[in-house]
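Residue numbers begin at 1 in each chain, while the letters A, B, ... track the order of the sequences.
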Amino acid sequence: AVQAAPVSTTTQAEMYLSQFGYLPASARNPANSGLQDKSTWLNAIQEFQNFAGLNITGELDDETLKLMSLPRCGVRDRVGTGDSRSKR
Amino acid sequence: YALQGSRWRVKNLTYKVSKYPKRLKRVDVDAEIGRAFAVWSEDTDLTFTKKTTGPVHIEIKFVESEHGDGDAFDGQGGTLAHAFFPVFGGDAHFDDAELWTIGSPRGTNLFQVAAHEFGHSLGLSHSDQSSALMAPFYRGFEPVFRLDDDDKAAIQSLYGKKTSQPKPSNAYPVTSTLRPSYTPPKVPLDDSICKDSKIDTLFNSAQGETYAFKGDKFYKLTTDSVEEGYPQLISKGWPGLPGNIDAAFTYKNGKTYFFKGTQYWRFQGRQMDGVYPKEISEGFTGIPDHLDAAMVWGGNGKIYFFKGSKFWRFDPAKRPPVKASYPKPISNWEGVPNNLDAALKYTNGYTYFFKGDKYYRFHDARFAVDTATPAFPRPTAHWWFGCKNTPSSTAVGDH
């Protein structure tokens with residue numbers, strides 16, 4: 001069977017944060033697969049760390065990558081946070 | 001907990017497994033799926049009936065990789081399953097590349113994952129409480145399952161608590177978009193509240209009764225007016241509690257908290273729950289004195305305090321309980337005015353804000369004051385206290 005890869009790179013983390021609603025799709029630039037806005041990226045990691053009860057470092061530390069690699073539900077954590085975030 | 005914003009309008013739901021997993025016996029899968037649904041019927045009046053043919057509310061499938069909904073599964077590990085919220089149909093899909101197991105520490109426990117997914121099917125989002133079933137991460141096989149209080153509060157906020165009374169039909173009493181069903185209102189014996197309907201605070205008891213406090217008196221509300229025999233003295237109803245209360249709410253622990261000036265009181269039902277008053281600064285660090293209003297918001301179960309043009313979010317489970325980013329402007333709650341008198345998550349699921357002789361109904365999912373006819377704000381006297389000969393609308397000439 002195909003095995004889901006653990007999250008170990010920035011690109012994989014970026015996809016993870018996008019998939020589960022922490023990073024709006026518009027933050028990604030398809031031209032270079034890079035992030036246009038550093039603060040959006042930082043905020044996304046911090047939001048994930050806050051939600052998951054991790055230390056809020058804003059960095060892709062081992063603890064954060066380990067949690068991202070856990071089996072989980074495929075439903076977004078942040079519902080309604082696509083490209084159009086709600087006001088609050 | 002967090003709610004997605006939709007729910008089923010009926011409590012008797014049906015389901016079918018339209019595609020079974022490769023490695024498990026159908027009869028075992030049926031039993032586990034039944035157990036998983038039972039998790040959500042334990043504390044509510046929800047029922048789940050298995051069907052094998054015809055349309056159902058919740059369709060369950062075990063599928064691999066791309067399976068038609070644009071959200072492909074990723075093989076063993078990673079994403080285990082996903083489900084759709086009620087507004088999107090409630091279906092639950094399980095990745096059949098997983099090694100689904102029953103009662104074993106090996107593989108992935110079907111019951112636990114199914115119970116979680118059905119939470120989504122019923123309208124729950126992911127919880128940030130790691131002990132909750134609705135936390136997003138699979139935490140391994142747990143031989144003894146117990147639904148967390150966070151999950152219980154979440155499901156009951158959508159579908160109410162379990163009642164022992166037999167249900168007359170399948171039909172869920174759909175939340176009225178207007179507050180009470182409006183039969184001729186009864187006039188309260190003491191109609192002073194009709195002449196001046198500005199109130200100090202409103203709250204629900206743990207039993208779901210709604211009370212309005214004004215000065216040294218309180219009123220028990222029915223679905224459309226004030227119950228006979230009210231007002232009564234606050235000192236009689238809640239011995240030891242003073243009049244002119246600023247704010248009040250009942251938390252999920254069943255205790256009611258009252259705030260006045262710099263102090264607060266905690267009651268279990270009508271009995272003071274310890275030695276009170278205590279200072280707000282001690283029991284509710286980060287929350288100011290002399291509050292305008294307080295409530296437990298249905299959107300996330302957290303406590304919100306309002307004063308002047310600002311609001312604070314209080315989460316007792318967090319350290320500190322008030323984040324540094326608070327206070328925030330009340331204008332974030334679109335359409336809600338500053339200098340409120342009261343705020344209430346009512347038993348119909350809506351959040352209401354009161355100011356002066358008017359009230360506003362807030363749409364939690366849209367984060368804005370509701371649009372309806374008559375428009376909000378509406379006169380509190382007519383809609384909450386059942387006062388006769390009072391306008392039903394604040395619009396000029398629209399009485």
Side-chain angles (χ1 to χ4, degrees), chain A residues 1-9 11-23 25 39-40 42-58 61-88, chain B residues 2-6 64-65 69 71-85 92-99 108 113 116-117 119-121 123-131 133-140 299 311 313 317-318 323 328 331-334 365-368:
Chain A
V2 180
Q3 194 90 18
V7 177
S8 58
T9 66
T11 308
Q12 287 168 330
E14 190 186 333
M15 287 170 66
Y16 183 99
L17 293 170
S18 233
Q19 185 181 354
F20 296 112
Y22 297 94
L23 204 54
S39 68
T40 305
L42 183 73
N43 192 44
I45 298 175
Q46 287 177 334
E47 270 196 63
F48 173 75
Q49 290 171 329
N50 185 34
F51 182 83
L54 301 174
N55 289 328
I56 302 170
T57 62
D61 47 35
D62 289 346
E63 199 186 14
T64 305
L65 290 169
K66 196 175 155 191
L67 201 69
M68 285 180 170
S69 301
L70 283 181
R72 59 161 290 157
C73 171
V75 174
R76 293 161 79 97
D77 298 333
R78 292 279 190 264
V79 176
T81 53
D83 280 347
S84 55
R85 281 173 173 266
S86 57
K87 193 170 178 182
R88 278 189 74 230
Chain B
L3 309 177
Q4 176 265 338
S6 67
E64 284 189 60
S65 12
D69 63 11
D71 197 0
F73 284 130
D74 54 3
Q76 214 172 83
T79 299
L80 305 173
H82 55 228
F84 295 87
F85 297 115
H93 300 162
F94 297 82
D95 186 353
D96 206 19
E98 307 297 338
L99 179 63
T108 307
V113 175
H116 173 101
E117 295 308 324
H120 292 312
S121 302
L124 307 189
S125 282
H126 283 150
S127 170
D128 64 1
Q129 303 296 303
S130 58
S131 58
L133 173 65
M134 292 315 294
F137 307 103
Y138 179 68
R139 51 183 170 224
F311 75 96
R313 190 180 80 174
K318 295 272 168 67
K323 279 188 179 178
K328 294 184 179 181
S331 57
N332 282 11
W333 300 70
E334 204 172 304
R366 286 200 288 110
F367 268 98

What class does the angle between the rings of Trp333(B) and Phe311(B) fall in, given that below 30° is parallel, 30 to 60° is tilted and above 60° is perpendicular?
perpendicular
When the 4.5 angstrom heavy-atom criterion is applied to Ser65(B) and chain A, the contacting part is neither
Worksheet item: Would you call Asp69(B) and His82(B) a side-chain contact if the rule is heavy atoms closer than 4.5 Å?
Response: yes
Across all chains, not counting sequence neighbours, the side-chain hydrogen bond (donor to acceptor under 3.5 Å, both in side chains) partners of Gln12(A) are Ser8(A), Thr9(A)
Contact list (residues 67-75 of chain A to chain B, heavy-atom gap under 4.5 Å, by number) returns Leu67(A), Leu70(A), Pro71(A), Arg72(A), Cys73(A), Gly74(A), Val75(A)
Just by distance, do the side chain of His116(B) and the backbone of Leu133(B) share a donor-acceptor pair under 3.5 Å?
yes
Q.
Can you tell me if Lys66(A) has over 12 outside heavy atoms packed within less than 6.0 Å of its NZ?
A. no
Turns out that what part of Phe85(B) lies under 4.5 Å from chain A's heavy atoms comes down to side chain
- Where the side chain of Glu98(B) meets the backbone of Gly77(B), is there a donor-acceptor pair that is under 3.5 Å apart? yes
Between Asp95(B) (side chain only) and Ala97(B) (backbone N and O only), is there a donor and an acceptor less than 3.5 Å apart? yes
4.5 Å side-chain heavy-atom contact, Asn332(B) and Phe367(B)
no
So, the part of Glu117(B) with a heavy atom under 4.5 Å from chain A: the answer is side chain
Highest number of heavy-atom pairs under 4.5 Å with chain A among Arg139(B), Gln4(B), His120(B) belongs to His120(B)
